[in-house]
S.K.: 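One structure coming up, written as structure tokens, with questions to follow.
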Amino acid sequence: MLVKVETSNAPQAIGPYVQAMEMGDLIFTSGQIPLTPAGELVGKGIEEQTHQVLKNIQAVLLAAGSDLNHVIKTTLFIKDMNQFQIINRIYAEYFNEHKPARSCVEVARLPKDVLIEMEVIARKR
């Protein structure tokens, strides 16, 4: 059975989708961009935006009964591969001991012209 995950601690969907879906013990998040829970864009730099995206992922996972230590796979979409080292450093602050599988791709454009978007697949605690 599919269960919709919703929390007011992360930005609401800006289109016809949900923050995440649960299927059994698995959680599939939608892409999170650097918006506050109120829907405001955070910063113009990659550091602030990366932190906000990871905070949003944490909030959605918490609402689904999980956390970053239960992430199986992450996918990063970034605007500029030249910022990869900065993103990697911040990412490592959140995924230090536990390191999930990951893909990272440079894209031409992201929603609201942000610099980073991230989605994850996780399991429940």
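These numbers come from the heavy atoms of this one structure, side chains and all, not from hydrogens, waters or symmetry mates.
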S.K.: Checking Thr74 against Glu119 for the side chain to side chain contact (heavy atoms under 4.5 Å, CB included) test, could you report, in this order, the C-alpha distance in whole Å, the side-chain angles of both residues, the deciding distance, and whether it holds?
M.R.: CA-CA 6 Å; Thr74 67; Glu119 64 184 30; over 6 Å; no
S.K.: Please examine the side chains of Thr50 and Glu93, heavy atoms only from C-beta on, and report whether any two atoms are closer than 4.5 Å.
M.R.: no
S.K.: What are the two closest non-hydrogen atoms of Ser8 and Gln12, and how far apart are they?
M.R.: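 Looking at all heavy atoms of both residues, the shortest contact is CA-NE2, 3.9 Å.
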S.K.: State yes or no: do Val53 and Val60 share one hydrophobic cluster built from I, L, V, M, F, W and Y residues joined by side-chain heavy-atom distances below 4.5 Å, directly or via other members?
M.R.: no
S.K.: Give, for atom OG of Ser66 and atom CD of Gln58, the distance between the pair rounded to the nearest 0.5 Å.
M.R.: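 These two atoms lie 11.0 Å from each other.
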S.K.: Same cluster or not: Phe95 versus Phe84, using hydrophobic residues (I, L, V, M, F, W, Y) connected whenever any side-chain heavy atoms lie under 4.5 Å apart?
M.R.: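 Cluster IDs for Phe95 and Phe84 match.
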S.K.: With sequence neighbours left out, what residues match Lys44 under side chain to side chain contact (heavy atoms under 4.5 Å, CB included)?
M.R.: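 By the side chain to side chain contact (heavy atoms under 4.5 Å, CB included) rule, Lys44 matches no residue at all.
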S.K.: Test of understanding: with side chain to side chain donor-acceptor pair (under 3.5 Å), list the residues that count as partners of Arg89, not counting sequence neighbours.
M.R.: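 Counting only residues at least two positions away or on another chain, Arg89 forms a side chain to side chain donor-acceptor pair (under 3.5 Å) with Glu47.
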S.K.: Tell me the closest heavy-atom pair linking Phe77 and Thr75, and the distance in Å.
M.R.: CZ-CG2, 3.4 Å
S.K.: Show your reasoning for whether side chain to side chain contact (heavy atoms under 4.5 Å, CB included) applies to Ile72 and Arg123.
M.R.: CA-CA 7 Å; Ile72 299 165; Arg123 62 181 176 81; 4.3 Å; yes
S.K.: Can you list, pair by pair, the side-chain donor-acceptor contacts under 3.5 Å of residues 24-37, counting residues two or more places apart and other chains?
M.R.:
| unit_1 | atom_1 | unit_2 | atom_2 | d |
| --- | --- | --- | --- | --- |
| Thr29 | OG1 | Val120 | N | 2.8 |
| Thr29 | OG1 | Val120 | O | 3.4 |
| Ser30 | OG | Val18 | O | 2.4 |
| Thr36 | OG1 | Ala38 | N | 3.2 |
| Thr36 | OG1 | Gly39 | N | 3.4 |
| Thr36 | OG1 | Glu40 | N | 3.1 |

S.K.: Hey, what do you get for CD1 (Ile78) to CD1 (Ile46), rounding to the nearest 0.5 Å?
M.R.: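 These two atoms lie 7.0 Å from each other.
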S.K.: Cluster question for you: counting only ILVMFWY and a side-chain heavy-atom cut-off of under 4.5 Å, with indirect links fine, are Val5 and Leu61 together?
M.R.: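 Different clusters: Val5 never reaches Leu61 through Ile, Leu, Val, Met, Phe, Trp or Tyr contacts under 4.5 Å.
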S.K.: Indicate every side-chain donor-acceptor pair of residues 96-108 with a distance under 3.5 Å to a residue at least two apart or in another chain.
M.R.:
| unit_1 | atom_1 | unit_2 | atom_2 | d |
| --- | --- | --- | --- | --- |
| His98 | NE2 | Val71 | O | 2.6 |
| Lys99 | NZ | Asn96 | O | 2.1 |
| Arg102 | NH1 | Asn88 | OD1 | 2.8 |
| Arg102 | NH2 | Asn88 | OD1 | 2.8 |
| Ser103 | OG | Lys73 | NZ | 2.8 |
| Glu106 | OE2 | Met81 | N | 2.7 |

S.K.: Spell out, yes or no, whether Leu76 and Tyr94 are grouped together once hydrophobic residues are joined by side-chain heavy atoms under 4.5 Å, including indirect joins.
M.R.: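 Result: yes, single cluster for both.
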S.K.: Side-chain atoms of residues 111-118: list all donor-acceptor pairs with protein atoms under 3.5 Å, sequence neighbours left out, distances to 0.1 Å.
M.R.:
| unit_1 | atom_1 | unit_2 | atom_2 | d |
| --- | --- | --- | --- | --- |
| Asp113 | OD1 | Arg109 | NE | 2.6 |
| Asp113 | OD1 | Arg109 | NH2 | 3.3 |
| Asp113 | OD2 | Arg109 | NH2 | 3.2 |

S.K.: With sequence neighbours excluded, what pairs up with Glu6 under the side chain to side chain contact (heavy atoms under 4.5 Å, CB included) test?
M.R.: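 Per chain and number, Glu6 pairs via side chain to side chain contact (heavy atoms under 4.5 Å, CB included) with Lys4, Gln19.
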S.K.: Count I, L, V, M, F, W, Y as connected when their side-chain heavy atoms are under 4.5 Å apart, and connections chain through other members. Are Leu2 and Ile121 then in the same cluster?
M.R.: yes
S.K.: Working to the nearest 0.5 Å, report the span between CG of Asn82 and CD1 of Ile87.
M.R.: 10.0 Å
S.K.: Quick check: do Ile90 and His51 have side-chain heavy atoms less than 4.5 Å from each other?
M.R.: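 Yes, their side chains come closer than 4.5 Å.
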S.K.: Please lay out, stage by stage, how Leu62 and Thr7 fare under the test side chain to side chain contact (heavy atoms under 4.5 Å, CB included).
M.R.: CA-CA 9 Å; Leu62 183 62; Thr7 179; over 6 Å; no
